[in-house]
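Being a predicted model, the structure only gives us computed values, none of them experimental. By convention in this document, chain letters (A, B, ...) are assigned in the order of the sequence lines, proteins followed by strands, and residues within each chain are numbered from 1.
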Protein chains: 2
Amino acid sequence: MLKLTKKADYGLIALKYLAEHPETPAVSAKDVADTYGIPPQLLAKVLQRLTKSGLLRSHAGMNGGYSLAQDARQISAYEVIHSIDGPFFITSCVKGAKPCELTPSCTVREPLARVNETIAGVLKSISIQDLAEQEPHTAAHGGDAQGLVSLSAHGTE
Amino acid sequence: MLKLTKKADYGLIALKYLAEHPETPAVSAKDVADTYGIPPQLLAKVLQRLTKSGLLRSHAGMNGGYSLAQDARQISAYEVIHSIDGPFFITSCVKGAKPCELTPSCTVREPLARVNETIAGVLKSISIQDLAEQEPHTAAHGGDAQGLVSLSAHGTE
DNA sequence: TCAGTATACGACCAATTATGTCGTGGTTTC
DNA sequence: GAAACCACGACATAATTGGTCGTATACTGA
């Protein structure tokens with residue numbers, strides 16, 4: 001149904017939190033979980049995966065916890081989501097594995113693959129820093145999705 | 001995990017098929033299902049929903065079936081997906097209902113809501129006609145998302 | 001008018017996935 | 001060495017998706 005998992009949500013929330021507290025050397029999972037009412041162990045697991053992906057740095061022991069391994073500006077929402085939920089694809093079939101059993105089945109696949117890329121581009125253009133700052137002047141920040149998106153609300157529905 | 005449901009996929013495939021056979025007065029669900037190896041009854045239900053949404057026109061009886069109720073150029077992927085899967089939202093909380101129990105929980109919500117709009121815009125800019133034509137010269141076709149997207153493959157991964 | 005083909009729709013089951021928990025072990029600090 | 005952390009795998013549970021069944025209804029053509 002085209003929505004993020006809670007894990008990804010939690011991950012973004014946590015990273016945003018870390019970006020907002022650059023002074024603190026390390027923030028524990030429990031800390032963040034308490035603040036936002038997130039199940040601690042679940043968040044812990046999410047943060048662990050982000051650590052393995054190199055987005056976070058962990059520190060065990062008392063007063064330990066997590067801290068950003070990169071500048072908040074360098075971490076994109078895409079990386080976070082990808083790291084937590086794995087590679088996402090709009091269509092179910094485009095996985096490199098077997099292409100849809102039924103041969104002509106995925107004639108829609110190709111155009112949708114481009115939609116997929118576009119979405120990925122959007123996500124890549126959003127950094128954790130963007131999340132931390134309330135105002136989204138977004139775009140024109142980072143990456144390779146130059147001018148691809150103008151995040152102006154054009155409430156068509 | 002940010003992917004379409006099979007139902008939505010089936011719906012798009014079926015509409016594309018209809019767009020490709022404008023001569024046939026009506027195509028039965030079974031017909032399409034056979035062609036693509038889709039469970040007939042499931043597809044039927046999908047098409048029924050699209051009919052209720054006004055995207056399709058149904059005709060019972062022998063030689064009956066479904067036909068596009070609008071020009072293929074007027075039907076966007078967004079409408080199809082929205083009609084089948086209901087309103088999609090990137091974040092779980094933005095539903096108008098209750099805003100996330102835990103108050104500050106969704107600080108990420110606002111920026112992501114804009115991502116959501118962007119994606120919706122992309123989907124709205126893709127018409128069934130676009131799917132039917134293999135080459136995606138896309139955009140500059142239809143709607144209100146003018147120039148918002150340039151669906152050029154920029155394989156960043 | 002009757003048989004055949006089709007949609008319409010609700011209820012239901014099965015499979016997958018998402019969400020959350022438990023237990024155990026390792027590491028650092030005090 | 002105890003307290004406060006992270007790390008990780010195995011479960012258990014809930015929600016969603018995917019798919020089926022049965023029945024009712026509508027239309028066509030002989």
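Within 4.0 Å (heavy atoms only), A:Ala26 reaches no atom of the nucleic acid at all. Within the nucleic acid shown, A:Lys7 comes within 4.0 Å of at least one base atom, counting heavy atoms only.
When the P atom of C:dT17 is taken as reference, atom CD1 of A:Ile84 falls 18 Å away, rounded to whole Å. If you take CG of A:Leu42 and C1' of D:dT13, they are 13 Å apart, rounded to a whole angstrom. We find that CG of B:Asp85 is positioned 7 Å from P of D:dT17, with the value rounded to whole Å. If you measure from atom CZ of B:Arg49 to atom C1' of C:dT7, you get 16 Å, rounded to the nearest angstrom. Between the NZ atom of A:Lys6 and the C1' atom of C:dT17 there is a distance of 14 Å, rounded to whole Å. For B:Ile13 and D:dG18, the CD1 to P distance is 12 Å, given to the nearest whole Å. Computed from coordinates, the B:Ile38 CD1 to D:dT17 P distance equals 18 Å when rounded to whole Å. Between the P atom of D:dC27 and the CG atom of B:Asn63 lies a distance of 15 Å, rounded to the nearest Å.
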Would you tabulate the pairs of protein nitrogen or oxygen atoms and nucleotide nitrogen or oxygen atoms of nucleotides 8-12 of chain C closer than 3.5 angstrom?
{"unit_1": "C:dA8", "atom_1": "OP1", "unit_2": "B:Ser58", "atom_2": "OG", "d": "2.8"}
{"unit_1": "C:dA8", "atom_1": "OP2", "unit_2": "B:Tyr66", "atom_2": "OH", "d": "3.0"}
{"unit_1": "C:dA8", "atom_1": "N7", "unit_2": "B:Gln48", "atom_2": "NE2", "d": "3.4"}
{"unit_1": "C:dA11", "atom_1": "N6", "unit_2": "B:Lys45", "atom_2": "NZ", "d": "2.8"}

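OP1 or OP2 of D:dG19 has at least one side-chain nitrogen or oxygen of B:Tyr10 nearer than 4.0 Å.
In this structure, B:Asp130 and B:Ser127 have side chains that are in contact, with non-hydrogen atoms separated by less than 4.5 Å. The side-chain heavy atoms of B:Leu4 and B:Leu12, taken from C-beta on, include a pair separated by under 4.5 Å.
Not counting sequence neighbours, A:Thr24 has no partner by the side-chain hydrogen bond (donor to acceptor under 3.5 Å, both in side chains) test.
The residue among A:Val27 and B:Pro40 whose nearest nucleotide of DNA chain D lies closer to the 5′ end is A:Val27. A residue-by-residue look at A:Gly61 and B:Ala60 shows that B:Ala60 has its nearest nucleotide of DNA chain C further toward the 5' end.
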Working for side chain to side chain contact (heavy atoms under 4.5 Å, CB included), residues B:Tyr66 and B:Gln48: CA-CA 9 Å; B:Tyr66 299 90; B:Gln48 281 159 30; 3.6 Å; yes
Checking A:Lys7 against A:Arg49 for the side chain to side chain contact (heavy atoms under 4.5 Å, CB included) test, could you report, in this order, the C-alpha distance in whole Å, the side-chain angles of both residues, the deciding distance, and whether it holds? CA-CA 11 Å; A:Lys7 287 182 191 172; A:Arg49 209 176 307 184; 4.2 Å; yes
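Sorted by first and then second residue, the pairs that involve residues 25-36 of chain A and meet salt bridge (charged side-chain N to carboxylate O under 4.0 Å, His left out), not counting sequence neighbours, are A:Lys30-A:Asp34.
Ring centers of B:Tyr10 and B:Tyr36: at least 6.0 Å apart, outside the cut-off.
Nearest nucleotide to the side chain of A:Met62, out of C:dT7, D:dG19, D:dA4: D:dA4.
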